[in-house]
Amino acid sequence: MSSQPYKSLKELPGVHALASGTAMCAGCGGLEALHEVLDVLGTKTVVVNAAGCMTLLANYPFTPFHGSWLYTSMASAPAGAQGVRDALDILLARGRIGAEEDLTPVVLTGDGSAYGMGLSATSAAIERNLDFIYICYDNEGYGNTGQQYSGATPHGARTPTSPGATGYAGEKKDLFDVWAAHRPQYVATVIGAEPLDLARKVQRAAGLKGPRLILALAPCPTGWDYDPMQTLEIGRLAVKTGIWPLKEWVDGKIVHTRVPHPRLPVEEYLTMQGRFRHLFEPARNDALIGEIQGRVDRYWQSVEERGG
Ligand SMILES: Cc1ncc(C[n+]2csc(CCOP(=O)(O)OP(=O)(O)O)c2C)c(N)n1
Ligand code: SF4
Ligand SMILES: [Mg+2]
């Protein structure tokens, strides 16, 4: 490499490509959602990222982001966002920066942090009414370390830590409800395969102040075991089968922003993924498939009874 100082990343062969995300798997649904979210939020952000797959985007001293980037341990991203917010407030109060230079702290974590390790820090940040946006890309497992099950893994999914004939015995935690129970400013579920719905919700969140959650289901070809070309199709099926309800919570009211009609059988979503193959091969497990379908049916029935 030349000893001349460089002017841009493009002058370093390979680095720009790496910093642009080629360290990620092809077809990553989390990256798809993150691209869409940041397109709306713009550059006046400080992304506070807990360890996970998205951490691989930043290759010190470069990041593919045009805004700032801060790395924290898995449990600490909301606390990191508090530090960023406090530092910005001090700079504003001392007149060191003007209001036009203010930034939004944006926590970015996987489900391992959001549903588990970082939940206590999140709860405390909401309690303090921290002014921040939390983006969780939910690939339903500890993806970066091999897709071990997390608090977000769906019932019946096979993971390296739930291997047997019936997969994961637990139930996916309802993070939307956990957040809503804290009565924050805004809570929404999104998916990269529905970019208009996602963009409208991120825009709405950006216009508010206080704790705001954008929870994105993140189809993960590596962890869910499917062809990377099918990320969009799987994302659409998550919505069309009703497995991933698109909704938002504002002022104590839940509104579903897409109601699947007609709702497709969950089987269409499950059969596309290797993590559910044991439900169909070597013998079909009607009881477990029925259990998964029944849970989704009961959810939408209760939505209908409440009037949306
Ligand atoms: C306290 C702690 N335990 C374990 C790890 C190792 N680790 C790094 S990334 C990761 C997986 C995180 O899972 P998730 O938050 O769902 O993000 P994903 O990897 O799926 O993107 C783990 C377990 C860690 N960094 N810190
Ligand atoms: S393991 Fe999944 S979430 Fe992680 S980079 Fe690969 S596709 Fe994306
Ligand atoms: Mg994960």
Side-chain angles (χ1 to χ4, degrees), residues 17-38 47-60 63-65 69-81 106-122 134-154 157-162 168 170 172-176 178-179 189-193 213-235 238 244 272-276:
L18 189 64
S20 298
T22 49
M24 315 293 293
C25 310
C28 174
L31 193 55
E32 178 191 39
L34 181 60
H35 264 296
E36 294 172 11
V37 169
L38 291 179
V47 174
V48 184
N49 172 231
C53 284
M54 297 303 151
T55 308
L56 301 181
L57 288 168
N59 294 276
Y60 181 81
T63 91
F65 296 89
W69 174 273
L70 176 73
Y71 172 69
T72 69
S73 67
M74 279 192 72
S76 313
V106 177
V107 163
L108 171 67
T109 80
D111 48 288
S113 289
Y115 286 71
M117 284 192 218
L119 198 46
S120 146
T122 304
Y134 193 133
I135 300 163
C136 169
Y137 61 97
D138 177 3
N139 63 1
E140 305 189 317
Y142 289 93
N144 188 239
T145 44
Q147 196 68 7
Q148 297 84 4
Y149 72 72
S150 74
T153 300
R158 193 175 262 173
T159 74
T161 41
S162 54
Y168 181 54
K172 184 179 176 75
K173 207 182 273 181
D174 192 336
L175 192 66
F176 181 93
V178 170
W179 263 72
T189 57
V190 299
I191 190 158
L213 174 69
I214 301 290
L215 176 57
L217 184 68
C220 166
T222 311
W224 298 9
D225 187 15
Y226 67 82
D227 185 325
M229 284 175 66
Q230 293 172 325
T231 290
L232 194 60
E233 180 61 11
I234 287 187
W244 187 247
M272 291 187 76
Q273 305 168 50
R275 65 179 175 154
F276 294 114

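Just so you know, these numbers come straight off a predicted model, no measurement behind them. Both counts, for ligands and for their atoms, begin at 1 and track the order of listing. We're numbering straight along the sequence, starting at 1.
For ligand 1, one of its N or O atoms has an N or O atom of Cys53 under 3.5 Å away. Considering backbone and side-chain atoms together, Asn144 places an N or O closer than 3.5 Å to an N or O of ligand 1. When only interatomic distances are considered, the shortest N/O to N/O separation between Gly141 and ligand 1 falls below 3.5 Å. For ligand 1, none of its N or O atoms has an N or O atom of Gly52 under 3.5 Å away. Checked by distance only, ligand 1 and Gly143 come closer than 3.5 Å through their nitrogen or oxygen atoms. Between Asp111 and ligand 1, a contact under 3.5 Å exists for at least one N or O pair.
Rounded to the nearest 0.5 angstrom, Trp224 CH2 and Ile234 CD1 are separated by 7.0 Å. Summarising the geometry, atom CG belonging to Leu215 is positioned 11.0 Å from atom CD1 belonging to Ile135; distances are rounded to the nearest 0.5 Å.
Ligand 1 places these atoms under 4.0 Å from at least one heavy atom of Ala51: 9 (S), 12 (C), 25 (N). Proximity to Cys28 (heavy-atom distance under 4.0 Å) selects the following atoms of ligand 2: 3 (S), 5 (S), 7 (S), 8 (Fe). Set against the non-hydrogen atoms of Met24, the atoms of ligand 2 under 4.0 Å away are 5 (S). Taking every heavy atom of Ser113 and a limit of under 4.0 angstrom, the matching atoms of ligand 1 come to 15 (O).
In summary, Cys53 places no N/O/S atom under 2.8 Å from atom 8 (Fe) of ligand 2, failing the contact criterion. Using a cut-off of 2.8 Å, one finds that Cys25 contributes no N/O/S atom close to atom 2 (Fe) of ligand 2.
Shown here for Ser113 and Ala50, the closest heavy-atom pair between the two residues is OG-CB, 3.6 Å. Of all heavy-atom pairs spanning Glu32 and Ala193, the tightest one is OE1-N, 4.0 Å. Here the closest heavy-atom approach between residue Glu140 and residue Asp138 is recorded as N-OD1, 2.9 Å.
Between Gln147 and the choices Thr161, Asn139, Asp225, the side-chain contact (heavy atoms from CB on, under 4.5 Å) rule is met once, by Asn139.
At the top of the distance list for atom 11 (C) of ligand 1, counting protein heavy atoms only, stands Tyr142 CD2, 3.7 Å. Taking atom 5 (C) of ligand 1 as the reference point, the nearest protein heavy-atom neighbour is Met74 SD, 3.8 Å. At the shortest separation from atom 3 (S) of ligand 2 among protein heavy atoms lies Asn139 ND2, 3.2 Å. Looking at atom 7 (N) of ligand 1, its nearest protein heavy atom turns out to be Thr145 CG2, 3.7 Å. The protein heavy-atom contact nearest to atom 21 (O) of ligand 1 is Tyr137 OH, 2.7 Å. Counting only heavy atoms of the protein, atom 1 (S) of ligand 2 lies nearest to Cys220 SG, 3.6 Å. Closest protein heavy atom to atom 16 (O) of ligand 1: Gly112 N, 2.8 Å.
Panel note: side chain Ser162, backbone Ala157; a donor-acceptor pair is recorded below 3.5 Å. Judged by distance alone, with hydrogens and angles left aside, the side-chain atoms of Asn49 form no donor-acceptor pair with the main-chain N or O of Tyr71 at under 3.5 Å. The main-chain N or O of Thr153 is never found under 3.5 Å from a side-chain atom of Lys172 such that the two would form a donor-acceptor pair.
With atom 17 (O) of ligand 1 as the reference point, the heavy atom nearest to it among Ala77, Gly110, Cys28, Ala50 is part of Gly110.
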For Leu108 and Tyr137: C-alpha separation, side-chain torsions, deciding distance, then whether side chain to side chain contact (heavy atoms under 4.5 Å, CB included) applies. CA-CA 8 Å; Leu108 171 67; Tyr137 61 97; 3.8 Å; yes
Step by step, work out the side chain to side chain contact (heavy atoms under 4.5 Å, CB included) result for Met272 and Tyr226. CA-CA 7 Å; Met272 291 187 76; Tyr226 67 82; 5.6 Å; no
Verdict with supporting geometry, Leu119 and Val178, side chain to side chain contact (heavy atoms under 4.5 Å, CB included): CA-CA 10 Å; Leu119 198 46; Val178 170; 4.2 Å; yes
Run the side chain to side chain contact (heavy atoms under 4.5 Å, CB included) check on Asp111 and Lys173 step by step: do they pass? CA-CA 10 Å; Asp111 48 288; Lys173 207 182 273 181; over 6 Å; no
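Between Tyr149 and Tyr168, the ring-plane angle classifies as tilted under the 30° and 60° cut-offs.
Within the 4.0 Å heavy-atom cutoff, Asn139 counts among the residues contacting ligand 1. The shell of residues lying under 4.0 angstrom from ligand 2, judged by heavy atoms, includes Pro221.
With a 4.0 Å heavy-atom cut-off, ligand 1 is reached by the side chain of Met117 but not by its N, CA, C or O.
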